[in-house]
Amino acid sequence: MNSYVQDVIEQIAAANPGEPEFLQAVTEAYGCLGPVLERHPEYRDGKLLQRMAEPERVIMFRVPWVDDAGEVQINRGIRVQMNSAIGPYKGGLRFHPTVRLGLLKFLAFEQVFKNALTTLPMGGGKGGSDFDPKGKSDAEVRRFCQSFMTGLYRHIGQFTDVPAGDIGVGSREIGYLFGQYKRITNEFSGVLTGKGYDWGGSLIRPEATGYGAVYFADEMLATRGDSIAGKTCLVSGSGNVAQYTVEKLIDEGALPVTLSDSSGFIHDPAGIDREKLEWVKELKNVRRGRIREYAERFPGVTYAPAEAGEHNPLWEVPADCAFPSATQNEISATDAKSLLGNEVTAVVEGANMPTTPEGVELFLTAGILYAPGKAANAGGVAVSGLEMAQDSERMHWARRVVDEQLRSIMKSVHEQVSTAAEEYGRAGNYVAGANIAGFCRVAEAMLAEGVE
Ligand code: NDP
Ligand code: 2IT
């Protein structure tokens with residue numbers, strides 16, 4: 001790594017102690033930028049690396065609510081407004097007990113690059129709470145969401161900051177958050193994305209991240225004269241991203257064989273078909289059950305509980321392609337070796353930063369098709385951008401129109417990433433390409449806007 005970049009990373013590490021995921025994301029991204037800074041001394045003079053690692057603003061607030069037993073509960077709400085150089089802050093909200101400021105800073109930092117790659121006018125942000133929706137009643141989730149929005153509403157808006165969903169925040173939570181925003185502000189606007197169709201949402205937004213990841217896989221495989229049809233695919237997670245990844249894989253004639261949650265994973269060698277997928281959607285989105293039940297419901301399926309440590313047996317299942325779609329750092333070096341040992345062709349990240357740095361290095365050295373999340377999962381936020389456009393127009397676009405735009409945006413992300421990698425002598429390296437292309441677009445805007 002270039003010594004200037006190394007120094008900057010060390011300064012950032014010293015200034016942000018106890019934030020390992022944030023530092024991991026910064027190190028990965030900036031580690032690719034040495035040659036860019038040599039070609040563009042103005043980025044160095046403008047201290048762009050330092051500026052981009054410092055959130056423009058962080059909001060932290062108390063979220064008090066009353067549970068069903070009448071007891072007062074307190075959670076912490078956070079919104080990281082990372083960068084608004086190319087548009088209003090945009091990015092999801094995560095409700096999960098592991099949420100801390102450092103975790104949201106990593107997600108917000110990646111979001112800035114990702115949103116730039118969509119070419120839509122969206123800056124980057126991320127927020128959430130350490131609230132755990134698991135095991136909570138619907139009324140408890142609603143009261144929590146109303147209190148969360150009461151703390152957040154004054155800091156967001158359709159032209160300022162537009163949150164959406166992420167882990168633990170789906171259409172139910174977006175509904176409660178939107179209702180409270182509208183009630184407090186007396187304004188019906190596109191302040192959140194991922195809304196229901198009848199109240200300002202976009203068709204294809206629920207599907208967008210998963211569909212987009214498969215479209216990105218199509219683009220990558222095409223560079224090697226290959227396609228997804230007939231490929232055995234591993235998918236982790238069983239939430240929004242995993243479900244619609246499986247749906248598109250089925251549409252395109254691939255064979256998805258796994259799903260998971262934090263308790264364990266299922267392996268269905270016959271393949272998850274449409275009927276089984278509909279059952280999973282009902283299990284996860286309506287009954288809010290565990291993936292273990294899939295193995296009880298369908299014959300020939302094995303279930304393995306999650307194991308502690310550096311190894312997830314899901315990644316030992318032989319397959320052609322892997323779509324990690326659960327959470328950060330879910331593919332360790334050991335898991336990457338299992339995948340490579342089984343001659344995986346492509347790893348396509350539906351989740352944000354699901355591969356550890358050691359795993360990333362192994363994939364890059366092996367020369368497989370490896371798509372980092374900031375490129376491969378950009379379809380979700382891209383259709384959020386299209387939802388914002390529809391809200392502004394007071395219009396709904398047809399399903400086919402949104403899907404075509406999503407496909408064309410994923411094609412363009414692939415093209416920008418490939419071109420940037422080639423320009424800097426790193427052809428085929430999608431990590432370098434995504435970081436360079438995303439960085440340059442934001443850097444140019446920041447320079448144009450002055451020292452702000
Ligand atoms: P959901 O909450 O719908 O689903 C998350 C899934 O991942 C669940 O199956 C959950 O299992 C599992 N999971 C979550 N945390 C862990 C953990 N610590 N260990 C093991 N499994 C875990 O979230 P999404 O599908 O929306 O998000 C999945 C990933 O995709 C995240 O990395 C998110 O940041 C990323 N992403 C999401 C986008 C979106 O539009 N929703 C867009 C781009 C990226 P359990 O129920 O047991 O917790
Ligand atoms: O990580 C992500 O890109 C998301 N959770 C979606 C963000 C959005 O604003 O749609």
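What you see below is based on every heavy atom in this structure, not just the backbone, and it leaves out hydrogens, waters and symmetry mates. Just follow the structure's listing: the first ligand is 1, and inside any ligand the first atom is 1.
- For the pair R142 and Q146, the minimum side-chain heavy-atom distance is below 4.5 Å.
- Using a 4.0 Å cut-off to heavy atoms of A164, the atoms of ligand 2 that qualify are 8 (C), 9 (O), 10 (O).
- The protein non-hydrogen atom at the shortest distance from atom 7 (C) of ligand 2 is G92 N, 3.6 Å.
- In T209, neither the side chain nor the backbone holds a heavy atom less than 4.0 Å from any atom of ligand 2.
- With respect to the salt-bridge test (charged N to carboxylate O, under 4.0 angstrom), the residues K281 and E247 qualify.
- Under the 4.0 Å criterion applied to side-chain N and carboxylate O atoms, R290 and E293 are not assigned as salt-bridge partners.
- Ranking protein heavy atoms by distance to atom 4 (C) of ligand 2, first place goes to K126 NZ, 3.7 Å.
- Not less than 6.0 angstrom separates the ring centroid of F22 from the ring centroid of F106.
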For residues 375-386, which side-chain N or O atoms pair as donor and acceptor with protein atoms under 3.5 Å away, sequence neighbours left out?
unit_1, atom_1, unit_2, atom_2, d
N377, OD1, K114, NZ, 2.8
N377, ND2, G350, O, 3.0
N377, ND2, A351, O, 3.0
N377, ND2, N352, OD1, 3.1
N377, ND2, G373, O, 3.3
S384, OG, T193, OG1, 2.8
S384, OG, R205, NE, 2.9

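- In this structure, F61 has its ring center closer than 6.0 angstrom to the ring center of F148.
- A salt bridge links D166 with R94: at least one charged nitrogen is closer than 4.0 Å to a carboxylate oxygen.
- Annotation for R400: atom CZ does not count as buried by contact number, only 12 or fewer foreign heavy atoms lying within 6.0 Å.
- Atom 9 (O) of ligand 2 has as its closest protein heavy atom K90 NZ, 2.7 Å.
- Among protein heavy atoms, the minimum distance from atom 10 (O) of ligand 2 is reached at S384 OG, 2.6 Å.
- W65 contributes atom CH2, which lies 5.0 Å from atom NZ of K136 (distance to the nearest 0.5 angstrom).
- Around CZ of F188, the count of heavy atoms belonging to other residues, nucleotides or ligands within 6.0 Å exceeds 12.
- Looking only at side-chain heavy atoms (C-beta outward), K90 and Q111 stay at 4.5 Å or farther from each other.
- Ligand 2 has G165 within reach: a non-hydrogen atom of the residue lies less than 4.0 Å from it.
- Shortest contact from atom 6 (C) of ligand 2 to any protein heavy atom: R205 NH2, 3.6 Å.
- Below 3.5 Å of separation, one finds no N or O of N377 facing any N or O of ligand 2.
- No heavy atom of M122 sits closer than 4.0 Å to any atom of ligand 2.
- For ligand 1, the 4.0 Å heavy-atom shell takes in R94, H96, K114, K134, D166, I167, G168, R205, T209, G237, S238, G239, N240, V241, S260, D261, S262, R290, S325, A326, T327, G350, A351, N352, N377, ordered by chain and residue number.
- Residue-ligand proximity, K114 to ligand 2, at heavy-atom distances under 4.0 Å covers atoms 1 (O), 2 (C), 3 (O).
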